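Shown next, in C-alpha cells, is the structure this report addresses.
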Amino acid sequence: MYEGVVQDLIDELGRLPGVGPKSAQRIAFHLLATDPADIARLQDVLGKVKEGVQFCEVCGNVSEQQKCRICRDERRDLTVICVVEEPKDVLAVERTREFKGRYHVLGGALDPLSGIGPEQLRMRELLKRIGEADISEIIIATDPNTEGEATATYLVRMLRDFPGLSVTRLASGLPMGGDLEFADELTLGRALSGRRAL
C-alpha cells in the first residue's frame, strides 16, 4: 500500500475494465513520471469525452452529434439492421467491410444474475425502429458467450411475429466465449457473410 493520493490513483485505475492491480500500479507510476503538459492533455481529453460524446438517438452508437456518422450516411442500406451489444462491436463489424446496413446497439446483453433484463437494454427502441421503417432483415451479432446467446434467443422470440422480417445470426467461425472486438477481420467477415436464418 502506498500513501494517500498515490494509492487513491492506483485504486481508481484498478477499477477500469481489464486493468489489474499490477497494471494499475505501472500506469500510476508512469503518470507520476510524465511531463505535466502530457497530464494536462489527458485531463483535457477526458473532460471533452464526458462533455462532448453522446449516444446516437437512432442506433445507440457513440457520437459527437445527435446522429452518428453511420446513421447520417445515406449510402447505407436502410432495410438491414445489425444488432450488437456495445458500441465497440460496431467498429469490429465495420472493420470487415462486409456490412453495408445500419446498426442497433443494445447497450449490453441479458444477464439476470447481474440484474440486466430486457428493460435495461435498448430492446423497445429496436421494436420501434422496425415498426417505423421498412426493415427486411435483422442480423443478430451478439457475442458468442452465454449472455450473448441468451440475448439472441430472446430477440428471435421477440421478432418472429413481424411479417416479412428475416432474422439471422452470425455464422460459426467465432470462438465460443469470445468477444467480437477481439475477433480478427477475416473470421468476423466470414461469420457475417455466412450468417444463417433462425
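Keep in mind that what you see is a predicted model, and the values were worked out from it rather than measured.
The hydrophobic cluster containing Ile27 does not contain Ile10, counting ILVMFWY residues as joined when their side-chain heavy atoms lie under 4.5 angstrom apart, directly or transitively. By the criterion of side-chain heavy atoms lying less than 4.5 angstrom apart, applied directly or through intervening Ile, Leu, Val, Met, Phe, Trp or Tyr residues, Val45 is not grouped with Leu31; the two fall into different hydrophobic clusters. Note on Val90: it does not cluster hydrophobically with Val53, by side-chain heavy-atom contacts below 4.5 Å among ILVMFWY residues. In the hydrophobic clustering of ILVMFWY residues, with side-chain heavy atoms under 4.5 Å counting as a link, Phe162 and Tyr154 come out together.
Listed here is the closest heavy atom pair of Ala152 and Ile140: CB-CG2, 3.6 Å. Minimum heavy-atom separation, Leu180 to Ala92: O-CB, 3.6 Å. In this structure, Ala109 and Ile116 approach most closely via the heavy-atom pair O-CG2, 3.3 Å. The minimum heavy-atom distance linking Ile135 with Leu165 is given by the pair O-CD1, 3.6 Å. Across every non-hydrogen atom of Pro118 and Leu110, the tightest pair is N-CD2, 3.4 Å. Leu170 and Ala141 get closest at one heavy-atom pair: CD1-CB, 3.7 Å.
Here Glu181 contributes atom CD and Asp89 contributes atom CG; the two are 7.0 Å apart, rounded to the nearest 0.5 Å. Between Arg72 atom CZ and Ile70 atom CD1 the span is 10.0 Å, to the nearest 0.5 Å. Atom-to-atom distance recorded for Cys71:SG and Asn61:CG is 7.5 Å, nearest 0.5 angstrom. Note that CD1 of Ile39 is 8.0 Å distant from CG of Leu32, once rounded to the nearest 0.5 Å. In this structure, the separation between CD on Gln65 and SG on Cys56 is 10.0 Å, given to the nearest 0.5 Å. Interatomic distance, Tyr2 OH to Leu9 CG, rounded to the nearest 0.5 Å: 12.0 Å.
Proximity of Val62 to Phe55: side-chain heavy atoms (C-beta onward) are separated by under 4.5 Å at one or more points. Taking the side chain as every heavy atom from C-beta outward, Val93 and Tyr103 approach each other to under 4.5 Å. Looking at heavy atoms from C-beta onward, Cys59 lies in side-chain contact with Cys68 at the 4.5 angstrom threshold. Using a 4.5 Å heavy-atom threshold, the side chains of Met123 and Leu127 count as separate. Side-chain contact between Arg129 and Val58: present, with at least one pair of heavy atoms (C-beta onward) separated by less than 4.5 Å. Using a 4.5 Å cut-off on side-chain heavy atoms (C-beta onward), Val83 and Ile138 make contact. Within the 4.5 Å cutoff, side-chain heavy atoms of Leu155 are placed close to those of Leu106. Side chains of Ile139 and Ile81 form no contact here, defined as non-hydrogen atoms less than 4.5 Å apart.
Formation of a donor-acceptor pair under 3.5 Å by the Asp77 side chain with backbone atoms of Lys100 is not found in this model. When atom types are taken as modelled, the side chain of Asp35 and the backbone of Ala37 share a donor-acceptor pair closer than 3.5 angstrom. Using a distance-only test at 3.5 Å, with no hydrogens or angles considered, no donor-acceptor pair links the side chain of Glu137 to the main chain of Thr79. His30 contributes no side-chain N or O that, together with a main-chain N or O of Gln25, makes up a donor-acceptor pair within less than 3.5 Å. Lys88 contributes no side-chain N or O that, together with a main-chain N or O of Glu85, makes up a donor-acceptor pair within less than 3.5 Å. Remark: side-chain polar atoms of Arg102 are not paired, donor with acceptor, to backbone N or O of Leu78 under 3.5 angstrom.
Environment of CD in Glu57: crowded, with over 12 heavy atoms of neighbouring residues, nucleotides or ligands closer than 6.0 Å. Counting non-hydrogen atoms of other residues, nucleotides and ligands closer than 6.0 Å to CZ of Arg69 gives a total of 12 or fewer. Other residues, nucleotides and ligands place more than 12 heavy atoms under 6.0 Å from the CD atom of Gln120.
Inspection of the Glu149 and Asn145 side chains reveals no N or O donor paired with an N or O acceptor under 3.5 Å. Side-chain atoms of Arg169 and Thr142 form a donor-acceptor pair, as typed in the model, at a separation below 3.5 Å. Between Ser63 and Gln54, the side chains place no donor N or O within less than 3.5 Å of an acceptor N or O (distance only, hydrogens not considered).
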Margin query: Run Asp11 and Arg15 through salt bridge (Lys or Arg N to Asp or Glu O under 4.0 Å) and show every step you take.
Written below: CA-CA 7 Å; Asp11 292 343; Arg15 293 176 53 195; over 6 Å; no
Notebook entry, point to check: When you look at Arg76 and Asp73, which way does the side-chain contact (heavy atoms from CB on, under 4.5 Å) test go after all the steps?
Noted result: CA-CA 6 Å; Arg76 305 292 294 222; Asp73 187 350; 3.7 Å; yes
Next item on the list: Could you go through the side-chain contact (heavy atoms from CB on, under 4.5 Å) check for Ser166 and Thr168 one step at a time?
Entry: CA-CA 6 Å; Ser166 171; Thr168 59; 3.8 Å; yes
